[in-house]
Amino acid sequence: MKKILLLSLLFLSFLYAKIDDNEVISKANNLNKQILVYVFSKNCYYCMKMDKEVFAEKEVQNAINKNYILLKVDAFKDKLPFSLQKKYKKITPSFFILDKNGKYQNSIIGSWTKKDFLEILKENLK
């Protein structure tokens, strides 16, 4: 069941990664959600760890789905949305929190436990 949920989450995030900034902002405003940009690389051990141990957890998925629009961006394939290239330190995993209008709020670098990541999501709600 966890694998199905993870695959669903990853599939949806890849869909969002293909949408332009204005579409994401429109969706975020309509749903009254912030935007969470997850920058990863396929060979990054800590990204795989986050996917397997944190994003696969239903509690994390629920917290993200309730409050955020998730964009999963491959650091080596995709262009970073919302001009985040200026803020990106070339470290994966990196997380960027934006308000519902696409305005940068915060960035978090590194791999986290489920408990810590849930706290990060909660602390960054505006």
Side-chain angles (χ1 to χ4, degrees):
M1 184 67 176
K2 279 187 182 181
K3 286 183 183 180
I4 292 171
L5 291 172
L6 176 62
L7 289 174
S8 297
L9 177 67
L10 293 177
F11 176 73
L12 288 174
S13 65
F14 283 116
L15 286 179
Y16 288 124
K18 307 299 182 207
I19 297 175
D20 69 37
D21 293 0
N22 291 327
E23 287 184 53
V24 175
I25 290 170
S26 176
K27 186 170 183 84
N29 274 288
N30 288 338
L31 297 172
N32 197 29
K33 293 182 179 185
Q34 289 180 231
I35 302 164
L36 174 64
V37 179
Y38 169 29
V39 183
F40 76 102
S41 64
K42 286 199 286 189
N43 297 324
C44 166
Y45 169 80
Y46 294 104
C47 299
M48 290 184 273
K49 183 176 171 69
M50 284 292 297
D51 288 341
K52 184 178 178 182
E53 297 177 8
V54 179
F55 284 108
E57 293 293 325
K58 186 150 182 73
E59 189 176 357
V60 173
Q61 292 172 16
N62 289 341
I64 291 171
N65 290 333
K66 179 179 178 186
N67 300 302
Y68 296 92
I69 300 291
L70 175 65
L71 300 174
K72 188 170 180 182
V73 179
D74 186 323
F76 296 107
K77 284 185 176 179
D78 304 317
K79 179 183 173 204
L80 290 175
F82 304 102
S83 301
L84 289 174
Q85 197 63 41
K86 299 171 192 170
K87 303 273 186 198
Y88 181 50
K89 305 288 188 219
K90 310 281 191 256
I91 299 170
T92 56
S94 288
F95 302 91
F96 296 94
I97 311 284
L98 297 95
D99 69 12
K100 65 182 179 179
N101 296 308
K103 183 180 174 195
Y104 172 84
Q105 301 295 311
N106 196 11
S107 58
I108 299 99
I109 297 172
S111 179
W112 302 89
T113 64
K114 172 186 158 186
K115 179 182 175 190
D116 289 341
F117 196 71
L118 285 169
E119 188 62 31
I120 287 168
L121 293 174
K122 185 174 156 185
E123 286 175 358
N124 283 281
L125 285 176
K126 301 281 180 207

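Quick caveat: nothing in here was measured; it's all calculated off a predicted structure.
Between Cys47 and Ser41, the closest heavy-atom pair is SG-N, 3.7 Å.
Between Pro81 and Leu71 there is a side-chain heavy-atom pair separated by less than 4.5 Å. Using a 4.5 Å heavy-atom threshold, the side chains of Leu121 and Leu36 count as touching. The shortest side-chain heavy-atom distance between Ser94 and Ser107 does not fall under the 4.5 Å cut-off. Taking 4.5 Å as the limit, some side-chain heavy atom of Phe117 sits within range of a side-chain heavy atom of Met50.
Cation-pi contact between Lys87 and Tyr104: present, with separation from the ring centre below 6.0 Å and deviation from the ring axis of at most 45°. The side-chain tip of Lys72 points at the ring of Phe40 from less than 6.0 angstrom away and within 45° of straight on.
A donor-acceptor pair under 3.5 Å links the side-chain atoms of Asn29 to the main chain of Lys100, judged by distance alone. Counting only distance, with no hydrogens or angles, the side chain of Lys33 and the backbone of Asn65 share a donor-acceptor pair below 3.5 Å. Between the side chain of Asp20 and the backbone N or O of Asn22 there is at least one donor-acceptor pair closer than 3.5 Å. Distance alone, capped at 3.5 Å, is enough to place a donor-acceptor pair between the Gln34 side chain and the Asn124 backbone. Asp74 places no side-chain N or O within 3.5 Å of a backbone atom of Asp78 that could act as its donor or acceptor partner. Between the side chain of Asp21 and the main chain of Phe82, a donor-acceptor pair closer than 3.5 Å is present.
The CG atom of Asp116 sits 8.0 Å away from the CD atom of Glu119 when rounded to the nearest 0.5 Å. In this structure, Ile109 CD1 and Lys89 NZ are separated by 7.0 Å, a value rounded to the nearest 0.5 Å. For the atom pair Glu23 CD and Ile69 CD1, the distance stands at 12.0 Å (nearest 0.5 Å).
Follow the hydrophobic side-chain contacts under 4.5 Å out from Leu80 and you reach Leu98 in the same cluster. Taking hydrophobic clusters as Ile, Leu, Val, Met, Phe, Trp and Tyr residues chained together by side-chain heavy-atom distances below 4.5 Å, Tyr46 does not share a cluster with Met48. Residues Ile108 and Ile64 fall within the same hydrophobic cluster, defined by Ile, Leu, Val, Met, Phe, Trp and Tyr side chains chained together at heavy-atom separations under 4.5 Å. Taking hydrophobic clusters as Ile, Leu, Val, Met, Phe, Trp and Tyr residues chained together by side-chain heavy-atom distances below 4.5 Å, Tyr88 shares a cluster with Ile35. Residues Leu125 and Val60 share a hydrophobic cluster, clusters being chains of Ile/Leu/Val/Met/Phe/Trp/Tyr side chains in contact below 4.5 Å.
Classification of the Tyr38-Phe55 ring pair by plane angle, with boundaries at 30° and 60°, yields parallel.
No more than 12 heavy atoms of other residues, nucleotides or ligands shown are found within 6.0 angstrom of CG on Asn43.
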side-chain contact (heavy atoms from CB on, under 4.5 Å), that's the test. Do Phe96 and Val39 meet it? Break it down for me.
CA-CA 8 Å; Phe96 296 94; Val39 183; 3.7 Å; yes

